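Single-structure report; data block below.
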Amino acid sequence: MKGDFARVSFDPSRHYSQVFQQQGRVLLEADWNEQAQIQLHLLRTLVRDLVGPCWAAGGGFAITSSSPPNADGSSKPLPLTDWQLAPGHFYVDGILCVNEAICTLAQQPYAPTPDYGVADGKSGFENPPAGFALWLDVWERHLCAVEAPGIADVALDGVDTASRAQVVWQLRLLDRMRAQRQLDDVTAALKARQAVASSPGDVAAIKQQLAEVAQLRKGLDGGDQGNASPCTLLRQLLGARATYALPRLRAELAPQESDNDPCVIAADARYRGCENQLYRVEIHQPGPAGTASFKWSRENGSVVFPVTRHALGATAEDGSASLTVTLGRLGRDARLGLAANDWVELVDDHYTLGQRAYPLLQVIAVDLAGCSAILNVPKNITPWPLDDDPRQHPLLRRWDQHDAVGAQGVLAVVEGAPIALEDGIQVTFEPGGVYATGEYWLIPARVAGNGLLDWPSTGTAPAALPPRGWHHHAVLGVTGDAGNYDECCCRFDSLCQLLQAGNGQQAGKAAATSLPSVAGAAAAVPVAAKKSRARPAKKAAKVDKPA
């Protein structure tokens, strides 16, 4: 949600059902957006409560094989890159995922960063590990008019209006080694939280969580997991970070520092900015504290500049180089423009869909007449290979951190200690988090009330909130030692198909053509559902072991 918003006000814990506009009042985009989010939350919660957290409609997202048999009738080994994903619908936590047309795993529409494989141009499905799971990574991508030019009306001559949210699904691989590393990060995070826990209740709760993670590890190694199925175990593994090590952040105002003169009284804690702002704190590199990093923006990361071309200059004696980036436009004023020493991120569709975290680059100079910026590329820093193809929507995104940044232009995630942003705002990462690229927190800062933050509190202390933008997961299936693929997801047919399966073709036709029979047909649904109860399909799609 990197948009130019006053604030993002939707909070499901308040249980609001509707927004009422009042006559003669100021209209804010936050109210309009909250109404849409209320309805979306209701719809997704209803779908999840009625059917379940992850399920497919009919044959949607089924793994199929179109490989012809050999001359002797035996089946051919099918490379994983050629496994096909059926078109249709899949719901993850109530979020609708749509596959418009049949595709191979290597050619899925929102291709992710390869989980396996290092060569450029590879999909990551070429050399799968022995024994793996296929799962869906589902998230919402915010698109502005630079990233989705079709949403801007040409009659406005390029002036952007509203933006869009796009559901992105990515089919990915998970094997035992990668799952072990994830559990290692979760265990380390729990131990970090345990080290600072003060109350006996907190210590006991963390010990219980450590025991649960250890039990997951035993199940992953083939030990007793309470007779849990592989599908159940995989769901628990994918949800381990959210269950045990989801990051949390507190935002607050720090008192203004004074000199050592005892006669000078420090000012009260307040926001000292001149304008209302929506600050964004976003995770850059992923991992636990010590590995993870973050960046921040006072404009919610919405200051972007379309790129038309770029050229890397010659390497200087000190090993650095300059990158000249020609822009489609500059900002309309100094507040939304570029200046020397700003840190910018090179972004295109490959970068966003790949959830990349390349180093940020610092602006050396801005050429207003040539509508270009010169960026410094330090020694041993590899910038993102930006794609100049306009169909990949290349852009520069400005971030606003300047103090205490590293060589990559970002700040280290340090837990348990306040980190100053600017104008009295400081944030604190709670101990015991495992961070993911793209997760973020929003901090509305207001000049009114002598300067304050619109941040919830628990008693007298600011609340520690989980991030926005974290991903949703669903397990599609697993491969066994024999190479067969077993589905894990539930499948539900339409009501008509359930009626036909339960009562026969003629009963279904009668229900569809006779109005008085509608009530009877509805009453028969539990019977039909019982006879064709949706459940994880075992060996629903048998695919030969990859070569």
Side-chain angles (χ1 to χ4, degrees), residues 53-54 92-93 112-118 124-125 127-139 168-195 206-226 228-248 283-294 354-357 413 415 429-439 466-467 469-479 488-489:
C54 58
V92 180
D93 287 337
T113 302
D115 291 304
Y116 302 89
V118 296
F125 295 101
N127 298 299
F132 58 86
L134 294 179
W135 60 285
L136 282 181
D137 185 7
V138 180
W139 47 291
V168 173
W169 58 266
Q170 298 177 329
L171 191 145
R172 308 186 69 165
L173 287 175
L174 180 69
D175 72 334
R176 182 176 287 106
M177 183 178 298
R178 187 172 293 267
Q180 288 281 17
R181 288 201 296 266
Q182 293 178 0
L183 290 181
D184 290 343
D185 288 342
V186 170
T187 300
L190 285 172
K191 290 181 177 179
R193 193 182 309 158
Q194 184 182 37
I206 296 172
K207 285 183 177 180
Q208 176 61 32
Q209 292 175 333
L210 284 169
E212 293 171 1
V213 174
Q215 190 68 15
L216 275 179
R217 193 185 300 275
K218 289 181 180 179
L220 187 62
D221 292 334
D224 181 20
Q225 177 66 16
S229 69
C231 298
T232 300
L233 175 61
L234 285 167
R235 293 189 185 100
Q236 293 173 343
L237 288 171
L238 289 173
R241 188 183 75 95
T243 303
Y244 303 110
L246 193 64
R248 291 183 176 272
I283 300 301
H284 192 65
Q285 282 105 347
T291 300
S293 61
F294 74 98
Q355 304 170 42
R356 300 287 194 172
V413 170
E415 294 181 332
F429 293 96
E430 293 291 288
V434 177
Y435 302 84
T437 297
E439 291 180 335
W470 58 286
H471 296 194
H472 304 258
H473 307 124
V475 181
L476 282 186
V478 297
T479 58
C488 290
C489 62

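Predicted, not measured: the structure shown is a model, and the values here were computed from it.
- Here the straight-line distance linking atom CD of Gln180 with atom CG of Asp175 works out to 10.0 Å at 0.5 Å rounding.
- Side-chain N or O atoms of Trp135 include one that pairs as donor or acceptor with a backbone N or O of Leu173 at under 3.5 Å.
- Under the side chain to side chain donor-acceptor pair (under 3.5 Å) criterion, Glu430 pairs with Arg250, sequence neighbours left out.
- What you find for Gln355 and Thr437 is that their closest heavy atoms are O-CG2, 3.9 Å.
- Taking both residues in full, the closest heavy atoms of Arg193 and Pro431 are given as NE-O, 3.6 Å, listed atom of the first, atom of the second, then distance.
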### Query
Would Ile283 and Trp470 satisfy side chain to side chain contact (heavy atoms under 4.5 Å, CB included), going step by step from the backbone distance to the final call?
CA-CA 11 Å; Ile283 300 301; Trp470 58 286; over 6 Å; no
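- No donor-acceptor pair under 3.5 Å is formed between the side chain of Arg176 and the backbone N or O of Asp221.
- Rounding to the nearest 0.5 Å gives a distance of 10.5 Å between CG of Leu183 and CG of Leu190.
- Rounding to the nearest 0.5 Å gives a distance of 11.5 Å between OH of Tyr435 and OG1 of Thr291.
- The line from CG of Leu136 to CZ of Arg172 is 11.0 Å long, rounded to the nearest 0.5 Å.
- Here the NE2 atom belonging to His473 is positioned 12.0 Å from the CG atom belonging to Leu237, to the nearest 0.5 angstrom.
- In plain terms, the two heavy atoms of Ala292 and Gly287 that are nearest each other are CB-O, 3.5 Å.
- For Asp185, the side chain to side chain contact (heavy atoms under 4.5 Å, CB included) test picks out Pro288, Val434, with sequence neighbours left out.
- For the cysteines Cys231 and Cys488, the sulfur (SG) atoms lie within a distance shorter than 2.5 angstrom of each other.
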### Message
Under the criterion ring-ring contact (aromatic ring centres under 6.0 Å, His included), I'd like the reasoning laid out for Phe429 against Phe294: C-alpha separation, chi angles, the key distance, then a yes or no.
### Response
CA-CA 11 Å; Phe429 293 96; Phe294 74 98; 5.3 Å; yes
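- Note: Leu216 CG to Lys218 NZ = 11.5 Å, rounded to the nearest 0.5 Å.
- Annotation: side chain to side chain contact (heavy atoms under 4.5 Å, CB included) contacts of Gln182 (sequence neighbours excluded): Leu174, Arg178.
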